[in-house]
Student: 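Below you will find the structure I want to go over with you.
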Amino acid sequence: MRILAIEHERNVNTLPVPATVLRDEAQAVWELHKRGVIREVWFTASDRRAILLLECANAIEAREVLAGMPLRS
């Protein structure tokens, strides 16, 4: 099942995200892409939000994948 995930700001932390966390996030996206879980990635032009096309068995699996991403921790 293909699932579209659209990033939104949680406004929990206004501090800049450390470069190490951004690097870990990019690595996680690449690994999921190589495994076929993330099929495509887009970024919006106006606010640079990420949009992911996931290939998962269901919405529960998609939520689990996204919950494991470094920026969600």
Side-chain angles (χ1 to χ4, degrees):
M1 170 182 281
R2 290 190 176 182
I3 298 172
L4 194 64
I6 302 172
E7 175 188 23
H8 66 278
E9 293 293 328
R10 295 191 304 173
N11 292 330
V12 174
N13 187 352
T14 58
L15 297 175
V17 178
T20 55
V21 176
L22 294 175
R23 184 187 67 235
D24 292 347
E25 181 81 0
Q27 183 65 37
V29 168
W30 177 240
E31 292 299 324
L32 289 168
H33 180 69
K34 289 192 304 187
R35 290 182 18 216
V37 176
I38 293 179
R39 305 285 292 194
E40 296 185 41
V41 179
W42 302 282
F43 295 96
T44 60
S46 60
D47 54 7
R48 298 190 42 91
R49 289 186 300 160
I51 300 171
L52 306 174
L53 180 61
L54 305 170
E55 186 72 44
C56 296
N58 51 46
I60 294 169
E61 181 183 327
R63 285 188 189 100
E64 289 171 355
V65 166
L66 295 172
M69 300 296 289
L71 284 175
R72 294 277 300 169
S73 302

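Counting begins at 1 with the first residue of the sequence.
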Student: Give the cluster check for Val37 versus Trp30: same hydrophobic cluster or not, with ILVMFWY residues linked at side-chain heavy-atom distances below 4.5 Å.
Tutor: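 Val37 does not cluster with Trp30.
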Student: If hydrophobic clusters are built by linking Ile, Leu, Val, Met, Phe, Trp and Tyr wherever their side-chain heavy atoms come under 4.5 Å apart, do Ile6 and Val29 end up in the same one?
Tutor: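 Different clusters.
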Student: When rounded to the nearest 0.5 angstrom, what is the spacing between CD in Glu31 and CD in Gln27?
Tutor: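 Atom-to-atom, Glu31:CD and Gln27:CD are 5.0 Å apart.
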Student: Strictly by salt bridge (Lys or Arg N to Asp or Glu O under 4.0 Å), give each pair with a member in residues 57-66 just once, sequence neighbours left out.
Tutor: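 Listed once each, the pairs would be none.
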Student: Once rounded to the nearest 0.5 Å, what's the spacing between atom CD1 of Ile60 and atom CD1 of Ile3?
Tutor: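 The CD1 atom of Ile60 sits 10.0 Å away from the CD1 atom of Ile3.
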Student: Of all the heavy-atom pairs spanning Ala28 and Pro70, show the shortest one and how long it is.
Tutor: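 Looking at all heavy atoms of both residues, the closest pair is CB-CD, 3.8 Å.
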Student: Donor-acceptor pairs under 3.5 Å, side chain of residues 47-54 to any protein atom, not counting sequence neighbours: which ones?
Tutor:
{"from": "Asp47", "atom 1": "OD1", "to": "Thr44", "atom 2": "OG1", "distance (Å)": "2.4"}
{"from": "Asp47", "atom 1": "OD2", "to": "Arg49", "atom 2": "NE", "distance (Å)": "3.1"}
{"from": "Arg49", "atom 1": "NH1", "to": "Glu7", "atom 2": "O", "distance (Å)": "3.4"}

Student: For Glu55, what residues pass the side-chain hydrogen bond (donor to acceptor under 3.5 Å, both in side chains) criterion, not counting sequence neighbours?
Tutor: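 Here the qualifying residues are Arg2.
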Student: For the residue pair Met69 and Leu32, establish whether any side-chain heavy-atom pair is separated by less than 4.5 Å.
Tutor: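 Yes, close enough: below the 4.5 Å cut-off.
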